[in-house]
Chemist: 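One structure follows; several queries about it will come next.
Each chain gets a letter, A, B and so on, in the order the sequences are listed, and its residues count up from 1.
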Amino acid sequence: MADDGRGAKRQKTSGAEMDPKANPYLAHHYEEESNGYSNGYSNGFSRSKKASSTVFDNLIRHQTSSKDAEVAENGPNNAFTGQPLSNRYFNILKGRRNLPVHTQRQEFLDMFQKSQILVFVGETGSGKTTQIPQFVLFDDMPQLQGKMVACTQPRRVAAMSVAQRVANEMDVPLGEEVGYSIRFEDKTSPRTILKYMTDGMLLREAMTDNNLSRYSCLILDEAHERTLATDILMGLLKEVARRRPDLKIVIMSATLDAQKFQKYFKIGEDPAPLLAVPGRTHPVEIFYTAEPERDYVEAALRTVLQIHATEPEGDILLFLTGEEEIEDACRKIGLEADELVREADAGPLKVYPLYGTLPPAQQQRIFDPAPPPHKPGGRPGRKCIVSTNIAETSLTIDGIVYVVDPGFSKQKVYNPRIRVESLLVSPISKASAQQRAGRAGRTRPGKCFRLYTEGAFKKELIEQTYPEILRSNLSMTVLQLKKLGIDDLVHFDLMDPPAPETLMRALEELNYLACLDDEGELTHLGRLAAEFPLDPSIGVMLISSPEFYCSNEMLSLTALLSVPQLFNRPASARKRADEMKELFAHPDGDHLTMLNVYHAFKGPEAQRDPKQWCHDHFLSYRALQQADNVRSQLKRIMEREDLELMSTPFEDKKYYENIRRALVSGFFMQVAKRDGSGKTYITVKDDQSVLLHPSTVLAQEAEWVVYNEFVLTTKNYIRTVTAVKAEWLLDIAPMYYNIEDFKQGEIRRSLQKTADTLRRKEALKAGKSRK
DNA sequence: GAGCACTGC
């Protein structure tokens, strides 16, 4: 179909695109509309043909009222598609009109129309995440602009489930007018006008489109969570708002911290306008323990079973800290509950684990209804969800009446002095505890059992968890900011600026990696590294790998390093699991072992029944699948950037050596040297005394090792280690291994010795060749 | 002799 023909036809027939020229308020947008956006829109065109006119014909952008929107929502046809609205739609609509946000729709519109930036505070149950973006749609009419409204979420599951919910509310198939976009999955189409996405995804988009020009309105949800991506986006949006006066911004938050957001987004000297909507939650009765609990997992299990045995109907939500703890607890609760059924005639109890790395299908199971009684009239069944922090915020599960809160979660902590990021089980904040308790009052009055004393709550818990930006290694963030075109990092306006030392560390690290030059400017390598969703050191390693003839292998390894735990080691079968791991072990280290696992996984034997094969070999099928996913994403980027994919032939005796050398090209700052002849190692430059993690396959003899991570538990461990040679360090990272920069000691002596030997060898060679 | 919450076109 010819372009001009389509354009003419659209004006007459597409309701959503109805004669923009006739509307003086839209005239200036007409030109934009004929670029790009119209391409795919014509595909879905026949659908909207039936609607010869729509409610939007009579509305003026940014001048609508809540009444207008309500009339539009009342149908009988869908305002955006022209299709007749379903019965389900009208049923859901009734519920939506009962949400607290609904009563303030006009107030919201007034503020939205008046101000470029708006802070919106809605407590849980206010309906803000689902309703506000829809309020925006009816007034902002992105479909007439060829633009979209985006609503960011810190987590993938939330983006997916909210998008599904809103698609239902708007009576459209998910992925059409309403879609979502997360890593590995873009469920949107050219028709999409409302897109839920992860905050990280929007940040990624900002790197290629610094003005975020595809959007007419950006809604940052759950801003109070202060994820790294949210914090950077907020700083960025302040700048984009200046460059794009047409862009509307809504910051949504759940807590009392609203003033901080208002002040940060001040317009001139005035704080950004604020709209607060009360939540709708039922009262939650809080119980504390009289004495501190020694073993919180054990106490949690006891509490769950007690609730099941004695409390009236209602589902249970238990917060624990990690995957294994959760799986373990689920098994134990299941067993004990069966006993309760047999011995005390308790109702059936279904136990579901919930954590981020769980496959989506299994995550969905938490929404299954509670089991019915064993026999008619018997004691009611209930479900118990054992979850990480993921259930604390975005993911809401209706029907929860009892919350068990041991008061811990795994949190990232960063120590800039020794440049170590680690996960630690730490006490939660008061805000978190309140959030957790609130989960019990979604559908009716509930109870929250805190497994700590009231005194501990009041005196020991901090008010708010520190924002992530203050707890992270910022090398990737700094690289992203550079890529986003932020040159002056020191004056980039962040809500909570990180310590100067942390920034300096990041700049220094990027300089060593040659991602930034001595002036702090992005280098070609830095620009490339920013294209990869990887830590800069790993990105650099991958980019350099063609020089070591092993980019195919490094692609696999990089993918493996960015997914969770590969090796399963269930408490019940540790010995078997270790034996299986031995099958893949490479004497030179864990990186090579992981690579062996991946190759075996992709081999014909495993591929006959990969799930079973993984199970038999105590490997995480999910992790390997995820690695495969990551690998293809990284491969696409490699190809796009013209980085060559190659391998050293497996028969070549340099096959593994090349891989180990390539490891050094990225990990040269994560190197440790054996201390004398003992078991301890010393990290290069930071002089930390560390031990090889007991999970390593590496024999203790290795003089020098590169390590993937530092694990702080009972002792200082380095995990995932591979043996390297001192001469490679000098050869591959001469800038970092400039011997004069090292203080006197074992490491310097050893490097010096290596350098001397190398020089003698060179001299010998030169002498020989002269003869 | 041990433990990865959350995210990334």
Chemist: Are Q434(A) and S432(A) close enough that a side-chain donor and a side-chain acceptor fall under 3.5 Å?
Modeler: no

Chemist: Does T198(A) make a side-chain N or O approach to OP1 or OP2 of dG8(B) shorter than 4.0 Å?
Modeler: yes

Chemist: Take atom CD1 of I326(A) and atom C1' of dC6(B), then tell me their distance rounded to the nearest Å.
Modeler: 13 Å

Chemist: Could you check whether K332(A) pairs with D328(A) (Lys NZ or Arg NE/NH1/NH2 to Asp/Glu carboxylate O, under 4.0 Å)?
Modeler: yes

Chemist: Run the side-chain donor-acceptor check on residues 211-220 of chain A: report pairs under 3.5 Å with partners two or more places apart or on a different chain.
Modeler:
unit_1  : atom_1 : unit_2  : atom_2 : d
N211(A) : OD1    : R243(A) : NE     : 2.7
N211(A) : OD1    : R243(A) : NH2    : 3.3
S213(A) : OG     : D209(A) : OD1    : 3.2
S213(A) : OG     : D209(A) : OD2    : 2.9
R214(A) : NH1    : E205(A) : OE1    : 3.4
R214(A) : NH1    : E205(A) : OE2    : 3.3
Y215(A) : OH     : K195(A) : NZ     : 2.9
Y215(A) : OH     : E205(A) : OE1    : 2.5
Y215(A) : OH     : E205(A) : OE2    : 3.2
S216(A) : OG     : D140(A) : OD2    : 2.6

Chemist: Got Y414(A) and L474(A) here, is their nearest side-chain heavy-atom distance under 4.5 Å?
Modeler: no

Chemist: Just how far, in rounded Å, is P of dT7(B) from CZ of R156(A)?
Modeler: 5 Å

Chemist: Tell me the interatomic distance from Q153(A), atom CD, to dG8(B), atom P, rounded to whole angstroms.
Modeler: 12 Å

Chemist: Give one of base, sugar-phosphate or nothing for Y717(A), where a contact means two heavy atoms less than 4.0 Å apart.
Modeler: sugar-phosphate

Chemist: With heavy atoms under 4.0 Å as the rule, sort Q633(A) into base, sugar-phosphate or nothing.
Modeler: sugar-phosphate

Chemist: Choose from dC4(B), dA2(B), dA5(B) the nucleotide whose nearest atom is closest to any side-chain atom of K715(A).
Modeler: dA2(B)

Chemist: With sugar-phosphate meaning primed atoms plus P, OP1 and OP2, does R719(A) contact a base, only sugar-phosphate, or nothing at under 4.0 Å between heavy atoms?
Modeler: base

Chemist: To the side chain of P694(A), which of dG8(B), dC6(B), dA2(B) is closest?
Modeler: dA2(B)

Chemist: What is the nucleic acid contact for T388(A), judged by heavy atoms within less than 4.0 Å: base, sugar-phosphate only, or nothing?
Modeler: sugar-phosphate

Chemist: Looking at dG8(B), dC6(B), dC4(B), which one has an atom nearest to any side-chain atom of K410(A)?
Modeler: dC4(B)

Chemist: Does G322(A) or R183(A) map to a spot on DNA chain B nearer the 5' end, using the closest nucleotide for each?
Modeler: G322(A)

Chemist: Would you call R436(A) and I428(A) a side-chain contact if the rule is heavy atoms closer than 4.5 Å?
Modeler: yes

Chemist: I want to check one thing: is the phosphate of dG1(B), taken as OP1 and OP2, less than 4.0 Å away from some side-chain N or O of R574(A)?
Modeler: no

Chemist: Students often get this wrong, so: under 4.0 angstrom with heavy atoms, is T321(A) touching a base, only sugar-phosphate, or nothing?
Modeler: sugar-phosphate

Chemist: Could you tell me how far apart K581(A) (NZ) and dG3(B) (P) are, to the nearest whole angstrom?
Modeler: 13 Å

Chemist: Rounded to whole angstroms, how far apart are CG on N473(A) and P on dG8(B)?
Modeler: 19 Å

Chemist: Checking all strands, does R640(A) fall into the base, sugar-phosphate, or nothing category for heavy-atom contacts under 4.0 angstrom?
Modeler: base

Chemist: CG of L561(A) versus C1' of dC4(B): gap in Å, rounded?
Modeler: 13 Å

Chemist: Find the distance D578(A):CG to dG3(B):C1' and express it as a whole number of Å.
Modeler: 14 Å

Chemist: Can you tell me the distance, in whole Å, between the NZ atom of K483(A) and the P atom of dG8(B)?
Modeler: 18 Å

